[in-house]
Visitor: 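Pasting a structure here, questions to come.
Proteins come first, then strands; the chains are lettered A, B, ... in the order of their sequence lines, and each starts at number 1.
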2 protein chains.
Amino acid sequence: MENIHLAIVEDDPVIRESLETYLGAHPALQFSIVAGSVEDFLEKAEKPARVPKIDVMLLDIGLPGMSGIEGIRHIRQKFPETDIVMLTTFEEEDKIFKSLCSGACSYISKRTPLSTIQEAIFTIHRGGSFMSPSIARKVVQHFMPKARKEEDILSPRQQQIVEALVDGLSYKLIADKLSISIDTVRDHIKRIYKLLEVNSKAEVIRKALDGDIY
Amino acid sequence: MENIHLAIVEDDPVIRESLETYLGAHPALQFSIVAGSVEDFLEKAEKPARVPKIDVMLLDIGLPGMSGIEGIRHIRQKFPETDIVMLTTFEEEDKIFKSLCSGACSYISKRTPLSTIQEAIFTIHRGGSFMSPSIARKVVQHFMPKARKEEDILSPRQQQIVEALVDGLSYKLIADKLSISIDTVRDHIKRIYKLLEVNSKAEVIRKALDGDIY
DNA sequence: GGGTAATCCACATGATGATGTGGTTCAAGG
DNA sequence: CCTTGAACCACATCATCATGTGGATTACCC
């Protein structure tokens, strides 16, 4: 099995060195770059004649200068093949999602034992993803049925109309599609607006796409 | 530590019984209901005078009768407190997401060792979530920056306009917000339509909310 | 220095959307 | 039996949107 090339970006020297020592001790793991900030990392990545190979990267969020989340974009630009693992003390939802949306592939709590982090690196390099359980829970909750404020307040017919609106159809096309008069379409939409407390197509589409309707 | 009450819905008797035997052997785990289909499960859940307690439920997808995914809704209606774990051979993306959207909290491959499944149950009962690594990867990829078809094709100003459209603002309000003439707003939007190859506000909002723009 | 692109603005026209009023039919429930 | 609500349709009016044509300024690149 080939070596896995790692990078760490972490400002706390204690954590950084303990990771470096523990993970570096494994024969299949080796460090390409160890940095204290994203800026530092990018600079070190420029230095060598040829760009170093990095398979998996451990990235802190709370960094001096550019935050880890901002850093993800820059790093992915230069290292599109690298799997980025956020390693952080915070489990705030918005940080988790911002990280994932920016392109991180895993999100691990710093409280996680080193041995588990090591396992995670192998898992990730195999094409998987490792999430701390509490973080995974937050992620799956994002898919879950929402609070259902509007649930069942729209009749089946009204839901069809909303679907059509979301598909970008005009009143005329909706009328054709559902084989009803355009005035009836207007009528439905009037009622939908009242029910959803909106007053434009745009807002309906937004609500629908945000999952605020069903 | 209190006992964890389990349920299994799985049509394959071999798998069902091996789970029952292995997991049931643990002193902290006990089975409330074991069923071969969702229908079977719901019937058994009705029988006793008082509704049985179920903390964690293992649910197969490929079931006779109602599929596991359909079943999630019915089960959550009756057992809103139960954490539902999909346990399945399939790792198809749409099934994963349909399950999560219906309210499953974890998704585990049947190839996973029994000991890991057992650990997962404890993790889940603690309020976490367990995903097989390959499945977790598919989940996080859903958050990742998309194929970037439209990336960078919109100028910063155009992106501001799109944002405003998504917020449901009219041309007039956008003009006020950006302190420009309404005709200029029209002008921007004309160009945006050409770039995105659409011809209505609705489609722009859809694209933006689907992440097809940035 | 001419080409290109982004931003800005104006005028005009037809299509679409938002909203109100008024009416019919049918099915479900008190 | 009568009310209520969903779904259906029509007419009317004003606002907003979609689209075209034409022009100005700035800035950057070859």
Side-chain angles (χ1 to χ4, degrees), chain A residues 73-74 77 148-214, chain B residues 73 77 145 148-214:
Chain A
R73 291 190 189 283
H74 294 91
Q77 209 158 9
R148 308 311 196 109
K149 287 180 301 238
E150 324 286 3
E151 187 184 31
D152 274 272
I153 85 169
L154 292 191
S155 71
R157 195 56 158 179
Q158 288 167 342
Q159 292 185 21
Q160 279 184 294
I161 304 267
V162 170
E163 269 181 55
L165 282 180
V166 170
D167 283 343
L169 303 185
S170 67
Y171 289 12
K172 183 191 289 294
L173 287 174
I174 296 174
D176 289 352
K177 183 176 178 178
L178 301 181
S179 302
I180 55 179
S181 149
I182 191 170
D183 281 304
T184 304
V185 175
R186 285 188 216 282
D187 186 53
H188 281 300
I189 289 177
K190 270 182 275 192
R191 293 171 203 285
I192 291 169
Y193 284 6
K194 283 200 175 49
L195 290 169
L196 299 185
E197 294 171 337
V198 301
N199 43 29
S200 76
K201 237 171 51 162
E203 291 174 82
V204 174
I205 294 172
R206 194 190 196 342
K207 279 218 175 202
L209 256 31
D210 281 356
D212 284 343
I213 293 181
Y214 11 62
Chain B
R73 293 191 189 280
Q77 208 159 9
R148 305 309 195 110
K149 289 181 300 238
E150 325 286 4
E151 185 184 32
D152 274 273
I153 84 169
L154 292 192
S155 72
R157 195 54 157 179
Q158 287 168 343
Q159 291 185 22
Q160 278 184 294
I161 304 266
V162 170
E163 270 182 54
L165 282 180
V166 170
D167 284 344
L169 303 184
S170 68
Y171 288 12
K172 181 191 288 296
L173 288 174
I174 296 174
D176 290 353
K177 183 176 177 179
L178 301 182
S179 302
I180 55 179
S181 149
I182 191 169
D183 281 305
T184 305
V185 175
R186 283 188 218 284
D187 186 54
H188 281 301
I189 289 177
K190 270 182 275 192
R191 294 171 202 285
I192 290 169
Y193 283 7
K194 283 199 174 48
L195 290 169
L196 299 185
E197 294 170 336
V198 300
N199 43 28
S200 75
K201 236 170 51 161
E203 290 174 82
V204 174
I205 294 172
R206 198 197 196 329
K207 280 219 174 202
L209 256 30
D210 281 358
D212 284 344
I213 293 182
Y214 10 60

Visitor: Base, sugar-phosphate alone, or nothing: which one does B:Ser170 contact when heavy atoms must sit under 4.0 Å apart?
Guide: sugar-phosphate

Visitor: Rounding to a whole Å, what distance do you find between A:Ile182:CD1 and D:dC8:C1'?
Guide: 15 Å

Visitor: Looking at A:Thr184, I'd like to know whether one of its side-chain N or O atoms comes within less than 4.0 Å of OP1 or OP2 on D:dC9.
Guide: yes

Visitor: Within this structure, what is the CG-to-P distance between B:Leu178 and C:dC9, rounded to whole angstrom?
Guide: 11 Å

Visitor: Could you go through residues 186-201 of chain B and list every donor-acceptor pair under 3.5 Å that involves a side-chain atom there, pairing it with any protein atom two or more places apart or in another chain?
Guide:
unit_1, atom_1, unit_2, atom_2, d
B:Asp187, OD1, B:Arg191, NH2, 3.2
B:Asp187, OD2, B:Arg191, NE, 3.2
B:Asp187, OD2, B:Arg191, NH2, 3.3
B:Tyr193, OH, B:Lys201, N, 2.8
B:Ser200, OG, B:Glu203, N, 3.3
B:Ser200, OG, B:Glu203, OE2, 3.3

Visitor: In a table with atom names and distances, give each donor-acceptor pair under 3.5 Å that connects a side chain of residues 172-181 of chain A to protein atoms at least two apart or in another chain.
Guide:
unit_1, atom_1, unit_2, atom_2, d
A:Ser181, OG, A:Asp183, N, 2.9

Visitor: Hey, is the main chain of A:Val166 close enough, under 3.5 Å, to the side chain of B:Arg206 for a donor-acceptor pair?
Guide: yes

Visitor: For C:dA6 and B:His188 - does any side-chain N or O of the residue sit under 4.0 Å from the phosphate oxygens OP1/OP2?
Guide: no

Visitor: In this structure, how many angstroms lie between the C1' atom of C:dC8 and the CG atom of B:Asp176, rounded?
Guide: 16 Å

Visitor: Round to a whole Å and report the spacing from CZ of B:Arg191 to P of C:dC9.
Guide: 13 Å

Visitor: Expressed as a whole number of angstroms, how long is the span from B:Arg157:CZ to D:dA27:P?
Guide: 16 Å

Visitor: Tabulate protein N/O versus nucleotide N/O from nucleotides 18-21 of chain D, keeping only pairs under 3.5 Å, one per line.
Guide:
unit_1, atom_1, unit_2, atom_2, d
D:dA18, OP1, B:Tyr193, OH, 3.1
D:dA18, OP1, B:Lys201, N, 2.8
D:dA18, OP2, B:Tyr171, OH, 2.2
D:dA18, OP2, B:Tyr193, OH, 2.6
D:dG20, N7, B:Lys190, NZ, 3.1
D:dG20, O6, B:Lys190, NZ, 3.0
D:dT21, O4, B:Lys190, NZ, 3.2

Visitor: Rounded to the Å, how far apart are B:Lys172 NZ and D:dC14 C1'?
Guide: 13 Å

Visitor: Heavy atoms only: give me the nearest A:Ala202-B:Gly168 pair and the separation to one decimal.
Guide: CB-CA, 4.0 Å

Visitor: What distance do A:Leu165 atom CG and A:Glu163 atom CD have between them, rounded to the nearest 0.5 Å?
Guide: 10.5 Å

Visitor: With each end axis built from five pairs of C1' atoms, what bend angle do you get for the helix from C:dG1-D:dC30 to C:dG30-D:dC1? Round to 10°.
Guide: 40°

Visitor: Among C:dT7, C:dA10, D:dC8, which nucleotide sits nearest the side chain of B:Ser181?
Guide: C:dA10

Visitor: If I take atom CD1 in residue A:Ile205 and atom C1' in nucleotide C:dG17, what distance separates them, rounded to the nearest angstrom?
Guide: 12 Å

Visitor: Measure from CG on B:Leu173 to C1' on D:dT16 and round the result to the nearest Å.
Guide: 11 Å

